[in-house]
Amino acid sequence: MNDHVVEAKSVEKKLGRGAGEVHALRGIDLSLRRGELTLLMGPSGSGKTTLLLVLGCMLTPSSGSVTIRGTPTADADKEALARIRREHIGFVFQSYHLFPTLTATQNVQLALDIRGEHGRRAAQKSREALAMVGLEQKMDSLPGELSGGEQQRVAIARALVANPSVVLADEPTGALDGKNGQSIVRILAETAHERERAVLVVTHDPRVVPYADRIVEIEDGLIVQERADRPRMPTPVPFRA
Amino acid sequence: MSLVLTLASRNLFHDRLRFVATMVGVVFSVVLVMIQMGLFLGFGRMVTTMIDHASADLWILPKGAKCFEDPSLLDVKLRDRVATMEGVSWAVPLVIGFSDWRLESGEVTPVFIVSADLRDGSLQPFNVADGNVQALTQGANVAVDRSYFDRLGVSGVGSTAEIRGRKVRVVAVTDGIRSFATTPYVFVDLKNARNYTGTPRDRASSVLVRLKGDADREKVLSAIRAEVGEAEVLTSDDFRSRSRSFWLFGTGAGAALFAGALLGVIVGTVIVAQTLYSSTKDHLNEFATLRAMGSSNAYIYTVIIYQALINAVIGFAIAAGIGSIVVQMTAKSALPIVITPWLMAALFALTVVMCVASGIGAIIRVVRIDPATVFMR
C-alpha cells in the first residue's frame, strides 16, 4: 500500500512577471505520508508558504508535478483544484478564519456542507469533531466567545471533520500562548499518529519539534535539509482539554 | 434551516444598520412601483367605467372617436337603420357632453352629462344608494354621485340646482361613480341631455346596440358595419381597449406612470446592489476561506443569492403591508390605487429579479477571490 498521500516532484514556482518575477520554488521533491507529522521550517521568504499553497492545490507549479492521492494537479482548473481540496485536504490557518456569525458547530459543519453533507448527520459529525478536540461545552458558542486556543481547536475540528487524507497547517500556534500552543501541537500530533493522516505543519515554533516525525528545512526555494526517523515524543493520549 | 441559508441570513443581519438601509431601498422601490402600477390599473379601470357598466354589445361611434368622453357626434338616423336589422335586440342613442351646474349659492361648476336609457337599460345609473332612478324620465330630474355632493352643493335626494339655467332636482344618488377627470357625472334622460349639452335632435354621441342571444355576432357585426359605413362599429371590448389606449398612452399619462415605476426599479436595484456588494466585500475573507476549504463557486453564489432573496422576501412583505394601507386610503379618492392578486404576484417576481440581479456585482467580486489570501492574513 502506498502511504504517500501528497507527492511533489521537481516542483518549481515562479511568481510575478518580468522584472518582478520571483523564483519562489526551485525544484522541490517532497512526499507527505500517512501517519506522519512533517514540519516545514525556514526563514521568512524562503518559500514555505508558496510550497504550502502548491501542496494545498491553491497554486499550480510552473514546472514539475504534484499529485494528491495519485491525482495530478497540473492541468486542473480552479474548480477542479477546489474539488481536490474539498475531498482530500484539511486546512488550519494561523488566524483561524472562523465565521464570526456562526456557532462552533456550524463552523465545523461548513466543511461538510460544501461537500454536500447536510442535516442532522452532518451536525452530529460536527459535534463529534468538536468533542474530539475537547470542546464539548462550547459547541454553541460563537467564535467571539472563545479564547484563541479554543478557536484554533474549532478550526482543527473543521479541518478534520470531513476526514481528509492530509492536513496542512500554517503556523497554527503562531497566535497562541504557550499552554494553548502546546495543546494544538498535541492535537495535530494525535491527528497524524492516531488517525493516520498526513500532517504538514509550517512553523517557527520550537514547541512543535519534539512531536515531529520529519523536519524539512527550506531556504531560497530549495530543501536544504531533511531530518527523518529521529526520536520523537510519544504520541499523546487522545486529547482532552 | 440549511447552513447556507443560515450563513446568508447571519451575513445580512450581522450589520443591522446596513440591513435597515437595504430594506429602506427595497421597500421604497417596491412601494413606488406598486403605487405607479396601482394607479395605472386604477386609471385604466376608471376611464372605462361607463363602458363597463353599459349593457351594450356594440358601440356605433363617430369615425375616429377615441373614448367615451369624445365630443364627436353622429347622425341619429343610424339608430333607426340598425334597430331593424336582423339579430339586433335594441339600438339606443347616447348623448354625453359637458355642461354647467349652478349651485344654489350661485357658484358654477362643470359637470359631465350622460343620457340614461331606462327603457332598454343600455346605460343607466349604477350603484344606486338612494332615490328612484325611474324618476329620471319625469321632468328635469338628475342622478348624481354622493362623492360630489360638496362640489355640486347638494345634500341628497330632493336637493336642487340649475343646469344651463334650467332648474333640476336630484332624484337618485349613486355611490362610487367617480370621474378620473374629477368632473362629476350627472345622469339625465335623453331629452334633457340634448338640452343640457346643446346636442341637436338629429345627432347623438353614439348608438349602443344589443344583439339577440341567438344572433351570429360576427355576421351581425359585419352587416352593421356595412350598413353604417360613415360611422365606426366597435365591440365593447374593442371600445374599452381604445379608450384605455387613448387615456393611458395617447395622453402620456401611462408613460409617466411607467416611467415612475421604472425609476423605482432602478433605485431599488442600485440600493440593493450597493449594499449587497458592500456586504460581500466585508465578508470577502470568509468567502476566501470557503474557497480555500474547497467550496465550489456555486456554493458561494448560493450564499449571495440567498442574501438577495432574503432581502426580496422581507422587503416585499413590508412593501405589501404599506401598499395595502395605501389602497385602503385611496379607495374613496378620485383615482383609487388598484392592486390585484396578479399585480402582487408580478411585483413579487419583480422584487426577486431586482434583488437577484443586484447580487451580480457581488458575485463578480467573489469570482475574483484568490483563496491563497487566507494565508496572508
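Here is how names work: the chains are called A, B, and so on, in the same order as the sequence lines, proteins then strands, and each is numbered from 1.
- Counting heavy-atom neighbours within 6.0 Å of B/His14 NE2, excluding the residue itself, gives a total of 12 or less.
- Applying the side-chain hydrogen bond (donor to acceptor under 3.5 Å, both in side chains) test to residues at least two apart or on different chains, the pairs with a partner in residues 109-118 of chain A are A/Asp113-A/His118, A/Asp113-B/Tyr299, A/Glu117-A/Lys125.
- The most heavy-atom pairs under 4.5 Å with chain A, out of B/Thr289, B/Val4, B/Asp370, come from B/Thr289.
- For the 3.5 Å distance criterion, the side chains of A/Arg121 and A/Gln124 fail to qualify, holding no donor opposite an acceptor.
- A salt bridge does not link A/Arg26 with A/Asp220: none of the charged nitrogens is closer than 4.0 Å to a carboxylate oxygen.
- Classification of the A/Phe93-A/Phe91 ring pair by plane angle, with boundaries at 30° and 60°, yields parallel.
- Side-chain contact annotation: A/Asp140 with A/Thr103, donor-acceptor N/O pair under 3.5 Å absent.
- Across A/Pro100, A/Ala159, A/Gly90, the residue that shares the most heavy-atom pairs under 4.5 angstrom with chain B is A/Pro100.
- Side-chain contact of A/Ser165 with A/Arg69: a donor-acceptor pair under 3.5 Å is present, judged by distance alone.
- At a cut-off of 3.5 Å, with distance as the only test, a side-chain donor of A/Arg197 or A/Asn163 sits close to an acceptor on the other residue.
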Working for side chain to side chain contact (heavy atoms under 4.5 Å, CB included), residues A/Arg207 and A/Thr173: CA-CA 9 Å; A/Arg207 291 170 297 186; A/Thr173 58; 3.8 Å; yes
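- For a heavy-atom cut-off of 4.5 Å, chain B lies close to A/Thr49, A/Leu52, A/Leu53 in residues 41-57 of chain A.
- Proximity to chain A is absent for every atom of B/Ile300, based on heavy atoms less than 4.5 angstrom apart.
- Counting heavy-atom pairs closer than 4.5 Å to chain B, the top residue among A/Glu87, A/Arg158, A/His88, A/Arg83 is A/Arg158.
- Ranked by non-hydrogen atom pairs under 4.5 Å with chain B, the options A/Val202, A/Leu59, A/Leu110, A/Ile84 are led by A/Leu110.
- Within residues 70-82 of chain A, the residues having any heavy atom less than 4.5 Å from a heavy atom of chain B are, in residue-number order, A/Lys78, A/Glu79, A/Ala82.
- Distance check, rounded to the nearest 0.5 Å: CG of B/Leu7 to CD of B/Glu286 gives 7.0 Å.
- We find the CZ-CZ distance between A/Arg34 and A/Arg195 to be 13.5 Å, quoted to the nearest 0.5 Å.
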In residues 22-34 of chain B, what donor-acceptor pairs under 3.5 Å come from side-chain atoms, sequence neighbours left out?
from    : atom 1 : to       : atom 2 : distance (Å)
B/Thr22 : OG1    : B/Arg18  : O      : 2.8
B/Thr22 : OG1    : B/Thr275 : OG1    : 3.1
B/Ser29 : OG     : B/Gly264 : O      : 2.6

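- Your options are B/Thr302, B/Leu290, B/Thr6, and the one with the most heavy-atom pairs under 4.5 Å with chain A is B/Leu290.
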